[in-house]
Amino acid sequence: SQQGEEDPQALSIQEGENATMNCSYKTSINNLQWYRQNSGRGLVHLILIRSNEREKHSGRLRVTLDTSKKSSSLLITASRAADTASYFCATGPSGGSNYKLTFGKGTLLTVNP
Amino acid sequence: DTAVSQTPKYLVTQMGNDKSIKCEQNLGHDTMYWYKQDSKKFLKIMFSYNNKELIINETVPNRFSPKSPDKAHLNLHINSLELGDSAVYFCASSRLRTELNTEAFFGQGTRLTVV
C-alpha cells in the first residue's frame, strides 16, 4: 500500500513566490526523501532527512520532519520557472534499510514566469 | 557519463509479445530497483536486488522476470504483454548502508505502450 501522500496534488504560483508541499506517511521510517521529476524524465534526488532530524536546508530548499505527526514539508523559496516539475516524497523503512523506497503520489508544481 | 541508463526509452509493442528492458548503472551501487509509474504518476516498486539477489518482489505477476547478471545490471523481461502493462518503467540504484541511508539514482525511464 502507498506510504506517502503529498498535498496539494497541484500547485500553481508566480515566479519569486515560495512553494510549500506537504507529505504524510503511515508507518515508522528511517528517513524521508524528496525527489523532483521533470516532465518525461527520471526522478532526481533533492534532499534526505533522517528520522532524528527536524529540519534540513539545501540551497533554496527547506525540509521539515515531524515524526509525531508522521509528516514532512518541502519549502522552495524564491521559485523559478525552472522549478516547474512534480515533487515526490519517499520514505525509507525503519531498520536502516533502503531496499524499498515508497513514494507518494506527488505534487505537480507550476511556476509561472 | 550517464549514471543509470536504461534502454530502450520508448517501446511500442502488441499484446501477447515478449519484451525486455535493460538497465545498467556505473555508480558502483550494490542495490538496484525496478519501479512502475502509471498514468496518474504513481510510482510503485516492483523489484529490488542487492548484490544480484532478489530482495523484494512486490506481488508482480509472474510474467515479469527480472534478471541481474552482475551488480551493475538489472534487466526486466516481460512475457505475454497486456494492455495494462502500459506505463513508464524506471530503473534505479542505490548504495545500501545499514546505518547511513543514501538516495536512489534513477534512469530516464522506458515508456512502454502495449497496443
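Naming convention: chains lettered A, B, ... in sequence-line order (proteins, then strands); numbering from 1 in each chain. Side chains included, hydrogens not; waters and symmetry mates left out as well; all remaining heavy atoms used.
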Would you say B/Y35 and A/L101 make side-chain contact, with heavy atoms under 4.5 Å?
yes
Got a sec: does the CD of A/E55 have more than 12 other heavy atoms crowding it under 6.0 Å?
yes
Here the pair of heavy atoms bringing B/E103 nearest to A/Q33 is CA-OE1, 3.5 Å
Give a yes or no on this: more than 12 heavy atoms of other residues, nucleotides or ligands lie within 6.0 Å of atom CZ of A/R54.
yes
Side chains of A/K105 and B/K40: closer than 4.5 Å at any heavy-atom pair?
no
Is B/Q37 close to chain A through its backbone or its side chain, or both, or neither, when contacts mean heavy atoms under 4.5 Å?
side chain
What do you reckon, is CG of B/N62 surrounded by more than 12 foreign heavy atoms closer than 6.0 Å?
no
Looking at B/K22, I want to see if its NZ is surrounded by more than 12 non-hydrogen atoms of other residues, nucleotides or ligands under 6.0 Å.
no
For A/R60, look at atom CZ and say whether over 12 heavy atoms of other residues, nucleotides or ligands are found less than 6.0 Å away.
yes
Does any non-hydrogen side-chain atom of B/L43 lie less than 4.5 Å from one of A/L43?
yes
More than 12 heavy atoms of other residues, nucleotides or ligands under 6.0 Å from CD of A/Q14: yes or no?
yes
Roughly how far, to the nearest 0.5 Å, is CZ of B/F106 from NE2 of A/H45?
10.0 Å
Treating Ile, Leu, Val, Met, Phe, Trp and Tyr as nodes and any side-chain heavy-atom pair under 4.5 angstrom as an edge, say whether B/Y89 and B/Y10 lie in one connected cluster.
no
Decide yes or no on ring-ring contact (aromatic ring centres under 6.0 Å, His included) for B/F42 and A/F103, but give the supporting numbers first.
CA-CA 8 Å; B/F42 178 46; A/F103 286 83; 9.3 Å; no
Can you find a pair of side-chain heavy atoms, one from A/Q37 and one from B/F90, that are under 4.5 Å apart?
yes
Do A/Y35 side-chain atoms and B/A104 backbone N/O form a donor-acceptor pair below 3.5 Å?
yes
